[in-house]
Number of protein chains: 2
Amino acid sequence: MKRVSLKDIAKMVGASPSTVSFILNGKASQMRISEELKNKVMATAKKMGYQPNQVAVSLRTGQTKILGLLVEDIANNFFASLAKTIEVEAEEFGYKVLYSSTENNSKKGVELLRLLTQRQVDGYLVTPTLGMEEDLEMLVKHKKPLVLMDRYFPDIDAAYVQVDNAGAVLTGMEHFIKKGYKKIAFITIESGLIQMRQREDAYVDAIGKSEQKKKLMLKVNYNGDRETIINQITEFLKKNKPDAVLFATNYLGILGLESIRGIGLTIPRDLAVICFDDNDIFRLHLPGITVLQQPVEAIARTAIHILMHQLGNNKVTIKKNQVQLAANFIVREST
Amino acid sequence: MKRVSLKDIAKMVGASPSTVSFILNGKASQMRISEELKNKVMATAKKMGYQPNQVAVSLRTGQTKILGLLVEDIANNFFASLAKTIEVEAEEFGYKVLYSSTENNSKKGVELLRLLTQRQVDGYLVTPTLGMEEDLEMLVKHKKPLVLMDRYFPDIDAAYVQVDNAGAVLTGMEHFIKKGYKKIAFITIESGLIQMRQREDAYVDAIGKSEQKKKLMLKVNYNGDRETIINQITEFLKKNKPDAVLFATNYLGILGLESIRGIGLTIPRDLAVICFDDNDIFRLHLPGITVLQQPVEAIARTAIHILMHQLGNNKVTIKKNQVQLAANFIVREST
DNA sequence: CTGAAAGCGCTTACAG
DNA sequence: CTGAAAGCGCTTACAG
């Protein structure tokens, strides 16, 4: 059963497709089309259940009204919340979102970026992976609407929105130091991406200026499985016996809590804990975990606004197109 | 800067667009195009960074290679995992996924369904909301590839995949009864959707057959905010003093744990807990929460397979197109 | 072996 | 006030 097209309606009412198109696009009065014809067309379209073929519209207008969103992993709470807010915000501007997860895999990331291009998305929202640099430069060169999130490349002049990673980690470290912890550890993932480097550098800085002097850092492999990482953390904690630990991502924090439980340490008596990113788990955990919460909604909203600005929407005004937003430091019982 | 098109390449190598199209689509030998021309075209396409315009391809072929996925809420762990698996599986069959969250709002659900239709998606994967019945019937009538997930409408003859809700709840109830609990409560949301009715009916059944006889049920409003629901649960628990409670969704379970903590009850001594759906939170909670885990990946995979079958992919074989999968009962320390 | 032409379903300048 | 025509970028039957 074929769907009805503009032409079908035109034939039924005895008008030309162009006239029907004008009417259906609300340009009837502008084109001074008779009220009578207008009503007839509207009624027929409704009765026949006419739905415009957006693919044809896109080909003709060059606009798909689709934004491409690439996140690291949609099953991760942080990225899922980000995606949700972006979806809601995009909708307000009349855009739909096509998403995918890169898994932080360069090959997959690059392929997805090209796929979005082939699909003619109007704009790109990307948490980039290493290896995407060349393709991103291409987009920038072609002046495609593009906003990076969570991380960026210093050498690529693209818009971006991220949390103030250094400031957040410093806040956490100062809190630990003020509370008198002397052996503060940092557990992160092995990664060349800037947001992780910023967090790590801030830890190193803070330690350098503290009395502790000596770093206590563990870097685990991003692609390791649950068990491997839990074991690595367990070994590290047993060997180094820190009195406080800062986990660099929510993913690590969750695995870390399992390690801590496995060893039988009591938080915060044996070990104080702060985690980057908030999560229901950290709020519900006993004791509640102190966190450096990313302002997820603000990140998403800012990114969409910058993108809409690039897309020529003049209802939005933006101050900068490279933005760092402050994290919220939420103190619970773990410190 | 305009992107290069087929025609551009044709002009550059001095061949016709059709020939270039055949070569780029790997039909060179089939069309007996000279090796020389083929190589020239391939090289030029590569050099110019040619990327086919998928919108034009879609309009011409009638296939978008996009699947539409409507979930209740992408920020909810269960639906995010579902979406993730679907995305991965769809990719293996060469499809991309366009998703959106319905928020269980009929108006939004219907609008999204129409939007997907306008976008010419090749197939639909939907966790339907009430109010979508008419539009879904239309899709079925037009023989559009469609698979419902998590819930369905008994009156609509569409394919669906869901967990065996009744079986899962019965398993949980039997476990409670065997352990000797005498005042087993059920906390669910007010909903006309079948998966919630199945869970509720199973509870009522189990109670009817038990010595308890009297139901202890709380139904909260889906759209209530966190605080309201937490308060309602708190009131309910204080007033009825159950010795065991089964939460009908992960969302409720999380809020319920907050209520329980607020009242100061000890799990399982004062109150035993089972929750529908698993979640990192339940695993990490102290004590660990016993759950009725939905086989999320199997649900997603089965749904994709049925959809691919409908799309005429003959690499997949399916047994039924209305499927119920067993839940995994994971006993932890809360019962 | 290769090219010219039609057509997917729209929108929009142009003509009357 | 309304219609005929071109064109978005492809694919594919048809012709030679």
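We use all heavy atoms of the structure for the numbers below, so side chains are in, but hydrogens, waters and symmetry mates are not. Reminder, nothing fancy here: chain letters follow the sequence lines and each chain counts from 1. Treat the numbers as computed from the prediction; the structure is a model and nothing was measured.
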> Do Glu103(B) and Lys84(A) meet the salt-bridge criterion of a basic N to acidic O distance under 4.0 Å?
Replying inline: yes
When you check the phosphate oxygens OP1 and OP2 of [N], does a side-chain N or O of [X] lie under 4.0 Å from one of them?
X        : N       : value
Thr19(B) : dG3(C)  : yes
Ser21(A) : dC10(C) : no
Tyr50(A) : dC10(C) : yes

Would you mind reading off the distance between [X] atom [atom1] and [N] atom [atom2], rounded to a whole angstrom?
X         : N       : atom1 : atom2 : result
Asn53(B)  : dC10(D) : CG    : C1'   : 8 Å
Gln54(B)  : dC8(C)  : CD    : C1'   : 14 Å
Leu59(B)  : dG9(D)  : CG    : P     : 12 Å
Phe22(A)  : dC1(D)  : CZ    : C1'   : 12 Å
Leu6(B)   : dA5(C)  : CG    : P     : 18 Å
Gln63(B)  : dC10(D) : CD    : C1'   : 14 Å
Gln120(B) : dC10(D) : CD    : P     : 19 Å
Ile23(A)  : dT11(C) : CD1   : C1'   : 14 Å

> What are the two closest non-hydrogen atoms of Ala80(A) and Ile74(A), and how far apart are they?
Replying inline: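 For Ala80(A) versus Ile74(A), the nearest heavy atoms are CB-O, 3.4 Å.
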Which nucleotide in the set [options] lies at the smallest distance from any side-chain heavy atom of [X]?
X        : options                  : answer
Ser18(A) : dT12(D), dA5(D), dC10(C) : dA5(D)
Ser16(A) : dT11(C), dG3(D), dC10(C) : dG3(D)
Ser5(A)  : dG9(D), dA13(D), dC10(C) : dC10(C)

Donor-acceptor under 3.5 Å ([X] side chain, [Y] main chain):
X         : Y         : value
Ser21(B)  : Pro17(B)  : no
Ser101(B) : Val71(B)  : no
Thr64(B)  : Gln120(B) : yes

> NA contact type, Ser34(B), heavy-atom cut-off 4.0 Å: base, sugar-phosphate, or nothing?
Replying inline: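 Since only primed, P, OP1 and OP2 atoms lie under 4.0 Å of Ser34(B), the category is sugar-phosphate.
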> So among Leu98(A), Leu112(A), Leu125(A), Thr129(A), which one has a side chain to side chain contact (heavy atoms under 4.5 Å, CB included) with Leu70(A)?
Replying inline: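 By the side chain to side chain contact (heavy atoms under 4.5 Å, CB included) criterion, Leu70(A) pairs with just one of Leu98(A), Leu112(A), Leu125(A), Thr129(A): Leu112(A).
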> Stepwise, does the side-chain contact (heavy atoms from CB on, under 4.5 Å) test hold for Phe79(B) with Asp150(B)?
Replying inline: CA-CA 10 Å; Phe79(B) 294 105; Asp150(B) 192 43; 3.9 Å; yes
>> Both Leu37(B) and Thr61(B) contact DNA chain C. Which one's nearest nucleotide lies toward the 5' end?
In response: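 The residue mapped nearer the 5' terminus is Leu37(B).
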> Closest nucleotide of DNA chain C for Gly14(B) versus for Gln51(A): which of these residues is on the 5' side?
Replying inline: Gly14(B)
> Please walk me through it: do Tyr99(A) and Glu87(B) pass side-chain hydrogen bond (donor to acceptor under 3.5 Å, both in side chains)?
Replying inline: CA-CA 9 Å; Tyr99(A) 3 173; Glu87(B) 185 185 310; over 6 Å; no
>> Is the ring pair His305(A)/Phe93(A) parallel, tilted or perpendicular, if the boundaries are 30 and 60 degrees?
In response: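 Geometry flag for Phe93(A) against His305(A): perpendicular rings.
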> When you compare dT11(C) with dT2(D), how far apart are their C1' atoms, in angstrom units rounded to a whole number?
Replying inline: 16 Å
>> With no hydrogens and no angle check, just 3.5 Å: does a side-chain donor-acceptor pair link Thr117(A) and Tyr124(A)?
In response: yes
> So what stems show up for DNA chain D if we need 3 or more Watson-Crick or G-U pairs in a row, all under 3.5 Å?
Replying inline: C:1-3 with D:14-16, C:5-12 with D:5-12, C:14-16 with D:1-3
>> Under 4.0 Å, heavy atom to any atom of DNA chain D: which of residues 24-33 of chain B qualify?
In response: Asn25(B), Lys27(B)
